[in-house]
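In listed order, ligands and their atoms are each counted from 1.
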Amino acid sequence: MTPHTDRHPFLRELETPYLLSADAMRFYRDKGYIKLKDVFSKSLLTWYGDIITEWVFRLNTLTKPMEERTTYEKAFLQVMNMWREHDAIREFVFSKRLARIAAELMGVQGVRLYHDQALYKEPSGGITPWHADQFYWPLSNDNTITVWIPLQDTPLEMGPLAFAESSQHVAIGRDKEISDESEAMLAEALKQFPVHETPFELGEISFHSGWTYHRAGVNRSARPRKVMTMIYMDKDIRVIEPTNSYRMNDWKTWLDAVPVGSVANSKLNPILYSAG
Ligand SMILES: O=C(O)CCC(=O)C(=O)O
């Protein structure tokens with residue numbers, strides 16, 4: 001395991017507020033995403049990133065060759081709820097700085113964790129097709145948000161996350177799971193929205209809303225595109241009847257099957273930030 005050095009400065013950095021401007025909040029509510037620079041220091045991201053990477057490769061079960069994988073499998077290695085595996089990863093995932101930004105962008109009093117997931121796009125990894133995340137989640141309102149945290153500089157050739165601006169306002173393709181067909185349909189339907197695709201430097205992160213369409217290109221570099229993400233939801237959000245098989249699976253796996261109609265307050269979904 002990565003040797004533990006003095007983490008104290010990092011713990012403070014993870015907890016203390018990041019000043020979010022009124023312009024940033026307006027931008028997020030209009031466009032459905034925002035990119036923020038210098039949210040964490042490079043040393044913090046390198047330190048936690050090394051531990052996350054070690055655990056991604058320990059826990060990953062997708063080992064078949066790229067040419068035998070589905071489009072979804074080619075997109076990335078996906079390892080979820082790593083906060084339950086390692087104390088340092090839990091510290092990172094439970095960062096109050098990030099959870100507070102999530103609450104302020106959505107304009108809610110507090111947020112719970114839905115789940116975390118590492119998304120490692122390997123060298124020669126394929127596209128992440130266009131999709132909106134909330135298709136997969138049995139939740140009662142739209143106050144859901146994902147933070148996407150690259151663990152290295154991410155130039156265009158590595159497949160940074162890209163967003164169809166303001167697409168969260170329009171209900172198109174909301175019954176579509178990720179597939180080659182949805183990619184073809186959505187690539188056409190989303191032409192009406194400007195696409196924002198720019199590199200990320202280390203320390204820059206994005207937040208996108210549950211109904212904002214997003215995608216990522218292939219990784220043409222020789223290095224893995226290492227990314228950690230956390231999904232937050234309004235702390236008062238409720239669980240609704242799962243309307244597709246993915247939502248049914250998510251309800252059992254990430255919401256601990258709390259009764260339909262109740263607040264999503266299982267032991268898997270702690271409150272990570274609450275104002276006051
Ligand atoms: O990292 C990627 O390629 C996709 C990320 C994504 O879809 C998400 O975080 O919601």
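The existence of a salt bridge linking R58 and E85 is excluded, since no basic side-chain nitrogen approaches an acidic carboxylate oxygen closer than 4.0 Å. A salt bridge is defined here as a Lys NZ or Arg NE, NH1 or NH2 lying under 4.0 Å from an Asp or Glu carboxylate O, and D87 with R90 fails to meet this definition.
Of the protein's non-hydrogen atoms, the one nearest atom 3 (O) of ligand 1 is T128 OG1, 2.6 Å. What sits closest to atom 1 (O) of ligand 1 on the protein, heavy atoms only, is R225 NH2, 2.7 Å.
Here the options are N269, T144, D250, the test is side chain to side chain donor-acceptor pair (under 3.5 Å), and the partner is Y114; only D250 passes. Between M228 and the choices W148, F92, Y120, the side-chain contact (heavy atoms from CB on, under 4.5 Å) rule is met once, by F92. Remark: of the listed residues F27, Y213, F207, F27 is the sole one forming a side-chain contact (heavy atoms from CB on, under 4.5 Å) with Y33.
Per-residue contacts place A216 under 4.0 angstrom from the following atoms of ligand 1 (heavy atoms of the residue considered): 3 (O). Interface atoms of ligand 1 facing H131, defined by a heavy-atom separation under 4.0 Å, are 7 (O). Within the listing of ligand 1, atoms 4 (C), 5 (C) sit less than 4.0 angstrom from a heavy atom of L161. Applying the 4.0 Å criterion to heavy atoms of T146 picks out, from ligand 1, the atoms 9 (O). Close approach to D133 involves these atoms of ligand 1, each under 4.0 Å from a residue heavy atom: 10 (O). Distances below 4.0 Å separate heavy atoms of H208 from the following atoms of ligand 1: 8 (C), 9 (O), 10 (O).
At least one N or O atom of H214 sits closer than 3.5 Å to an N or O atom of ligand 1.
The structure places CD1 of I205 at 5.0 Å from CG of L98, a figure rounded to the nearest 0.5 Å. Distance CZ/F163 to OG/S209: 10.5 Å, rounded to 0.5 Å.
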